[in-house]
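Notes for the one structure printed next.
Sequential numbering from 1 along the given sequence is applied to the chain's residues. Both backbone and side-chain heavy atoms feed into the values below; hydrogens, waters and symmetry mates do not.
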Amino acid sequence: LVLAGAGTGKTRVLTTRLAHILSTRKAFPNQILAVTFTNKAAREMKERIGMLIGGMVEGMTWLGTFHSIGVKIPRNHYELAGLRSGFTNLHDDDQVRLLKQLTPDRVPAGEAHAFANGLGGKLYADYQQRLKTVNACDFGDLLLEVLRLFQNHPDVLKTYQQRFRYMLVDEYQDTNIAQYLWLRLLAGGHHNICCVGDDDQSIYGWRGAEVDNILRFEHDFPGAKVIRLERNYRSTGHILAAATHLIARNQDRLGKTLFTDGEMGAKVEVSGVWDSEEEARLIGEDIEQLQRKGQSLDEIAILVRASFQ
């Protein structure tokens, strides 16, 4: 487990490790499972590896997002998943259309305003059956289909355990339960899993991310080595000190202390205001003072927490 703080070079760790594995021929490209959270990150990782080893990386068929990798496995074993060849992946709009085929005559008018009022379980079962009938798998079910395959067919699981000599996972703190479970199952092969993440940057609990996944890594993988990247290359000393002392109050964290060899920079200023009107006036006054000193407006940035601000 590589605990990489903000601005310490998380992506560089993964790409360098991957490039090292390939250049020393410890594994062929198709024997490496590398998981990112966005297609953009996967493309950038492949480009960076190519730059490190001198040339385009060919054959890395298992480098991608959880879902792009997840769809390949059921396609290789569609019959075991209860599907037919060439099954379709449904996205949000398709899911709504499919549910509408099931619900109008199933949900009484008085209950339609609530969440199916107790009929959720039945609707879910009907929906899953309807997916099989139309030979489709929705986006959210891709990982569940893989889990079912691995749990119900140990021989299939063993095939993939033997295939992946090395497993690398980016942003491990953002994994959900399904992602965590199939990573654990796959890691039962060569026991060679390297996860990079930051327990202090887990902000996606609202979409199912489970920070406990990273907190219990050493328990899940006995004998695992934990490496802390604590040198920050991004922020000035005062900014880093303020952030470090703030996050230290968190209870559920593995703990690390970021430092920088860079300049201390300006001190952080904290202002308290009554409401958004006063906040806007305060910022406006700061901008006017800067203008009077000859500061150009296009060199001033205002960062907000949410777009409605």
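Ring geometry for H77 against Y160 counts as perpendicular: the plane angle is over 60°, on a 0 to 90° scale with 30° as the lower cut.
Pairing each heavy atom of I32 with each of F164, the nearest pair is C-CD2, 4.4 Å. For the pair S85 and N135, the tightest heavy-atom approach, listed with the atom from each and the gap, is O-ND2, 3.6 Å. Residues A248 and R253 share a closest heavy-atom pair of CA-NH1, 3.9 Å. Smallest separation of non-hydrogen atoms from D199 and G255: OD2-N, 3.8 Å. Of all heavy-atom pairs between N176 and A178, the closest is OD1-N, 3.1 Å. Across all non-hydrogen atoms, the minimal contact from A27 to R165 is CB-CD, 4.2 Å.
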Is there a side-chain contact (heavy atoms from CB on, under 4.5 Å) between I227 and V13? Walk through the geometry before answering.
CA-CA 11 Å; I227 299 169; V13 169; over 6 Å; no
Dump the intermediate steps for side-chain hydrogen bond (donor to acceptor under 3.5 Å, both in side chains) on Q291 and Q289, then the final yes or no.
CA-CA 5 Å; Q291 270 189 303; Q289 286 184 23; over 6 Å; no
Carefully, step by step, assess L18 and M60 under the rule side-chain contact (heavy atoms from CB on, under 4.5 Å).
CA-CA 11 Å; L18 260 169; M60 289 211 68; 3.7 Å; yes
Could you walk me through whether L183 and M167 satisfy the side-chain contact (heavy atoms from CB on, under 4.5 Å) test, starting with their C-alpha distance in whole Å, then the side-chain angles of each, then the deciding distance to 0.1 Å, before giving a yes or no?
CA-CA 9 Å; L183 283 172; M167 295 169 56; 3.8 Å; yes
Show the numbers, then the answer: is there a side-chain contact (heavy atoms from CB on, under 4.5 Å) between F37 and T175?
CA-CA 9 Å; F37 269 81; T175 53; 4.0 Å; yes
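A donor-acceptor pair under 3.5 Å links the side-chain atoms of E278 to the main chain of W274, judged by distance alone. R75 places a side-chain N or O within 3.5 Å of a backbone atom of F87 that can act as its donor or acceptor partner. One N or O on the side chain of Q161 and one on the backbone of L185 form a donor-acceptor pair closer than 3.5 Å. N39 places no side-chain N or O within donor-acceptor distance of the main-chain N or O of T65, the cut-off being under 3.5 Å. Judged by distance alone, with hydrogens and angles left aside, the side-chain atoms of Q309 form a donor-acceptor pair with the main-chain N or O of A306 at under 3.5 Å. Judged purely by atom type and a 3.5 angstrom limit, D212 has no side-chain atom pairing as donor or acceptor with the backbone of L215. Distance alone, capped at 3.5 Å, places no donor-acceptor pair between the N232 side chain and the L258 backbone.
Counting heavy atoms from C-beta outward, R228 and L254 have side chains that approach closer than 4.5 Å. Between W62 and I73 there is a side-chain heavy-atom pair separated by less than 4.5 Å. Residues L3 and I214 form a side-chain contact, since some pair of their non-hydrogen atoms from C-beta on lies under 4.5 Å apart. Counting heavy atoms from C-beta on, the side chains of R17 and V196 never come closer than 4.5 Å. Looking only at side-chain heavy atoms (C-beta outward), L52 and T16 come within less than 4.5 Å of each other. Residues W182 and I69 are in side-chain contact: their nearest non-hydrogen atoms beyond the backbone lie under 4.5 Å apart. Proximity of F259 to E230: side-chain heavy atoms (C-beta onward) are separated by under 4.5 Å at one or more points. Residues K256 and D200 form a side-chain contact, since some pair of their non-hydrogen atoms from C-beta on lies under 4.5 Å apart.
Linking Ile, Leu, Val, Met, Phe, Trp and Tyr whenever their side-chain heavy atoms come within less than 4.5 Å puts I177 and F221 in one cluster. By the rule that hydrophobic residues join a cluster once side-chain heavy atoms approach within less than 4.5 Å of another member, L229 and I239 end up as members of separate clusters. Residue I283 is not grouped with residue V273 when hydrophobic side chains (ILVMFWY) are merged at heavy-atom distances under 4.5 angstrom, including chains of intermediate members. Side-chain heavy atoms closer than 4.5 Å link hydrophobic residues (I, L, V, M, F, W, Y) into clusters, and following such links, even through other members, never connects V268 to M264.
Rounding to the nearest 0.5 Å gives a distance of 9.5 Å between CZ of R281 and OG of S276. Between the CG atom in L282 and the CD atom in E285 there is a gap of 6.0 Å [rounded to 0.5 Å]. Going from atom CD1 of I21 over to atom CZ of F28 covers 14.0 Å, rounded to the nearest 0.5 Å. To the nearest 0.5 Å, atom CE of residue M45 and atom CD1 of residue I49 are 6.5 Å apart. Here the OG1-CG distance, from T36 to L168, works out to 11.5 Å after rounding to the nearest 0.5 Å. The distance from the CG atom of L240 to the CZ atom of R234 is 10.5 Å, given to the nearest 0.5 Å.
Residues passing the side-chain contact (heavy atoms from CB on, under 4.5 Å) test with H20, sequence neighbours excluded: T24, K26.
Taking the charged nitrogens against the carboxylate oxygens, K40 and E44 do have a contact shorter than 4.0 Å, which makes a salt bridge. In summary, K132 and E145 engage in a salt bridge, as defined by a charged side-chain N under 4.0 Å from a carboxylate O.
Atom CZ of R12 has 12 or fewer neighbouring heavy atoms from other residues, nucleotides or ligands inside a 6.0 Å radius. Residue-environment remark: NZ (K267) stays at or below the threshold of 12 foreign heavy atoms within 6.0 Å. Other residues, nucleotides and ligands contribute over 12 non-hydrogen atoms within 6.0 Å of the CD atom of Q295.
Aromatic rings from Y172 and Y180 are positioned such that their centres are separated by 6.0 Å or more.
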